[in-house]
Amino acid sequence: MLDQQRVQNVISNMKTVGLKQILVGDDPSIFYLTGRFVNPMERCGAILIKDNGEIHAFMNNLFCFDPMDGMTMHYYADGENPYALIAKELEPGKVGFDKNWASKHTISVLQERDDLIPVIGSDCVDWCKARKDEKERELLRQAARVNDMAVEFAINHIDPALDEKQLSDMIEEFFEEHGAVQDMQLQYVCYGKNAAEPHHGAVAGETLKEGDAVLFDLWAPINNYWCDMTRTVFYKSVTEEHRKVYEIVKKAQQAAIDFVKPGVKMSDIDAVARKVISDAGYGDKFLTRTGHGVGMTVHEPPEASASCDLIAEPGMCFSIEPGIYLKDDVGVRIEDLVIVTEDGCEVLTKYPKDLQIVGND
Ligand SMILES: [Mn+2]
């Protein structure tokens, strides 16, 4: 069913930016507006939204996308040209295209007409998606609960007999047993110096030794909403410098969480975390942005970074995940998801953050 409230919110954003028509082609965005998740793969599928409230759907007839109230359906068969159908419904002038729609679709629509001006239109949907309603907040909380359990499972299964990939596979299986549906997703398990690479995944043959940091960055979609969480622990012992690094990251992460409330700039959330780490002398070792939005996709607006000019608003959900990365030595990252509330934020992921040394029992 078409979610009229969400559609109206999108249209109001379109009016704000002066767009009369947008084409939505991103599967999660179509799901957000219609409650139907279609994955037409390489075929063309899109929803056209006009600022007068007219909605059209263009779908291949092989996919189960039944008619719904408030939307004009245009089905095409394999061998027919869907772009001509779309072009026929467009008004001359600016068309907001979806940033995630394959360029072959966008270009093919443009080739049907010479009076269209393409611009990026998906912000109008993304800004709505960024502010989670209560139903979505509850789904994010449920996913975070599984994430807490997965982190606990991971930490309890640290074992020198398991390489990174073996432990990663066990965590993935745990997620799937708890309702996660994944498509080749890799759970990050990083031992020792591998943790110094922010996007090290989990590699077969990488083994654990005393004094290593063990960084888990675990993420999965549950009922279409993602969780994402990182904890770093140490195996058997920790050096003074690694302990110091850990405490700085923990302090930076807490400072950023404490700063989150409606009205603050997303870029200032990043600045708050960065200041703690810079003041401690590790500013050039904080290699990533502080956070990213999470919802039906694991990386979406708004991001907590110097380049994001969005303002935090109630319902926004994003990660707070500062880190310090010392090449060939150690990496520490602590990540939680938060939802902005009326006067601060709710931290979704709750696994404790005090420094843990495991493997001595
Ligand atoms: Mn993350």
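One-based numbering, in listed order, for ligands and for the atoms of each.
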Inset, instruction - Taking the side chain as every heavy atom from C-beta outward, state whether V17 and C124 have any atom pair closer than 4.5 Å. - result: yes
Inset, instruction - Could you tell me whether D69 atom CG has more than 12 heavy atoms of other residues or ligands within 6.0 Å of it? - result: no
Inset, instruction - To 10°, measure the NE2(H292)-the Mn ion (ligand 1)-OD2(D228) angle for me. - result: 90°
Legend entry - Atom name, E335 (N, O or S, nearest to the Mn ion (ligand 1)): OE2
Inset, instruction - Give a yes or no on whether D217 keeps an N, O or S atom under 2.8 Å from the Mn ion (ligand 1). - result: no
Legend entry - Centroid separation W219 to Y188 less than 6.0 Å: yes
Inset, instruction - Identify, by name, the N, O or S atom of E321 lying closest to the Mn ion (ligand 1). - result: OE2
Inset, instruction - On the 0 to 90° scale, with breaks at 30° and 60°, tag the F31-F37 ring pair as parallel, tilted or perpendicular. - result: tilted
